[in-house]
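The next block holds one structure in the form of structure tokens; read it before the comments.
Along the sequence shown, residues carry numbers from 1. None of these values were measured; they are calculated from a predicted model.
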Amino acid sequence: LARKNADGELEFFIRDPQGIDELLKMGFNGPIPLEGGIWLFYSQYAPGGKIKPHWVIDQLPDDAIYEAITRAVQQFKQQCAERGWPELIWCPMDEVATESADFASKVYAAVRKGGVATYITKDPTSSDAEIYRKRDAVDVWCSQPFAVSYEKAVADKRCDYWSYPNHISGEDKDRVVMQKGGRMTYGFGFWRSGYTTLIPWNWHWFGNKKDQFDYLGDSRVSGS
């Protein structure tokens, strides 16, 4: 997240740093994936600008925003290092629309300039992916389908590939879907994809009022 510090400058921070400390104690030693934190920078450097879903904006910010982001990332990275935290990997803007690629790619490049690797929730074969590549702005392509071939994924020495399986979110209640599609995402298909990491967008547990361990019998969805 972002906030203004005592000097009135924008900075990044973690809402629950104790939670990360506890995860490290339990053996989760990184890297730490982060998401977001840019909206306050946009608000300051594009006064009156509006952000619609998927980062569709009605005006571009002042170019000073990119150096401000880089400085804030550098400071944040130093603070994390002082706490003994492992490597960070950052998704500064989630699921950015194609029309905002020029702005977003500059933000991603600014984060990398600050010394932190980036991951982007975007299909590496999408029409705007090349804009990010030209700015050398992305370290990890995080997409819902296995968009690139196994051969290309394992041969790519510059970027990594993560699976972001929203396309079966909620469908895990249907046993047929999960038997045919879920195992391809979470099991054999993932193993043969060349992708290195599964990163479902969230995890929630509703449980069944009659049996908390029976999520298939409840009308609401539990899962990724």
Self-check item: Cluster check I65, W39: I/L/V/M/F/W/Y, side chain < 4.5 angstrom
Solution: yes

Exercise. Would you check if L10 and R3 make a side-chain contact, meaning some heavy-atom pair closer than 4.5 Å?
Key: no

Self-check item: Under-4.0 Å salt bridge between K134 and D102
Solution: no

Quiz item: Do the non-hydrogen side-chain atoms of E95 and K122 ever get within less than 4.5 Å of each other?
Solution: no

Practice problem: Output the distance between atom CG (D136) and atom CZ (R112), rounded to the nearest 0.5 Å. | Solution: 4.5 Å

Self-check item: Side-chain heavy atoms of I199 within contact of Y119, under 4.5 Å
Solution: yes

Quiz item: Rounded to the nearest 0.5 Å, what separation is found between the OH atom of Y164 and the OH atom of Y195?
Solution: 14.0 Å

Name every donor-acceptor pair, under 3.5 Å, that has one atom in a side chain of residues 81-90 and the other anywhere in the protein, sequence neighbours excluded.
residue : atom : partner : partner atom : Å
E82     : OE2  : Q78     : NE2          : 3.2
R83     : NH2  : D21     : OD2          : 2.5
W85     : NE1  : D21     : OD1          : 2.8
W90     : NE1  : G36     : O            : 3.0

Exercise. Taking the side chain as every heavy atom from C-beta outward, state whether P124 and Y161 have any pair of such atoms under 4.5 Å apart.
Key: yes

Exercise. To the nearest 0.5 Å, tell me how far Q18 CD sits from K25 NZ.
Key: 10.0 Å

Quiz item: Looking at the rings of F12 and F41, which for Trp means the six-membered one, are their centres under 6.0 Å apart?
Solution: yes

Quiz item: Is a donor on one side and an acceptor on the other found under 3.5 Å between the side chain of T70 and the backbone of Y66?
Solution: yes

Practice problem: Assess whether side-chain contact (heavy atoms from CB on, under 4.5 Å) is satisfied between V148 and T125, documenting all intermediate values. | Solution: CA-CA 7 Å; V148 302; T125 65; 4.1 Å; yes

Self-check item: K106 side, atom NZ; I131 side, atom CD1 - distance, nearest 0.5 Å
Solution: 10.5 Å

Quiz item: Donor-acceptor pair, D123 side chain versus S143 backbone, under 3.5 Å?
Solution: no

Quiz item: Hey, would you say the F76 and F13 ring centroids sit under 6.0 Å apart?
Solution: no

Quiz prompt | Heavy-atom side-chain proximity of F28 to E22 below 4.5 angstrom | solution = no

Exercise. Determine whether L34 and V116 make a side-chain contact, defined as any pair of heavy atoms from C-beta on separated by less than 4.5 Å.
Key: no

Quiz item: Counting N and O atoms only, with roles assigned by atom type, does the side chain of D58 sit under 3.5 Å from a partner on the main chain of K50, one being a donor and the other an acceptor?
Solution: yes

Quiz item: Is the count of non-hydrogen atoms from other residues, nucleotides or ligands lying under 6.0 Å from R158 atom CZ greater than 12?
Solution: yes

Quiz item: Counting N and O atoms only, with roles assigned by atom type, does the side chain of K77 sit under 3.5 Å from a partner on the main chain of G115, one being a donor and the other an acceptor?
Solution: yes

Practice problem: Look at the side chain of T98 and the backbone N and O of D128, then say whether any donor-acceptor pair between them is shorter than 3.5 Å. | Solution: no

Practice problem: Mind checking the CZ-OG spacing from F146 to S163? Nearest 0.5 Å is all I need. | Solution: 4.0 Å

Quiz item: To the nearest 0.5 Å, how far apart are CH2 in W55 and CD1 in I51?
Solution: 4.0 Å

Quiz item: Looking at side-chain heavy atoms only, is the closest gap between D139 and D160 below 4.5 Å?
Solution: no

Quiz item: Would you say Y108's side chain and M93's backbone share a donor-acceptor pair under 3.5 angstrom?
Solution: yes

Self-check item: Test side-chain contact (heavy atoms from CB on, under 4.5 Å) applied to V111 and I69, step by step
Solution: CA-CA 7 Å; V111 172; I69 290 171; 4.0 Å; yes

Quiz prompt | Side-chain ion pair, R71 and E9, N-O less than 4.0 Å | solution = no

Practice problem: Would you confirm whether T118, through its side chain, and A137, through its main-chain N or O, come within 3.5 Å as a donor-acceptor pair? | Solution: yes

Exercise. Measure from the side-chain N and O atoms of S100 to the backbone N and O of F103, and report whether any donor-acceptor pair falls under 3.5 Å.
Key: no

Quiz item: Do any N or O atoms from the side chain of H54 and from the backbone of V96 form a donor-acceptor pair under 3.5 angstrom?
Solution: no

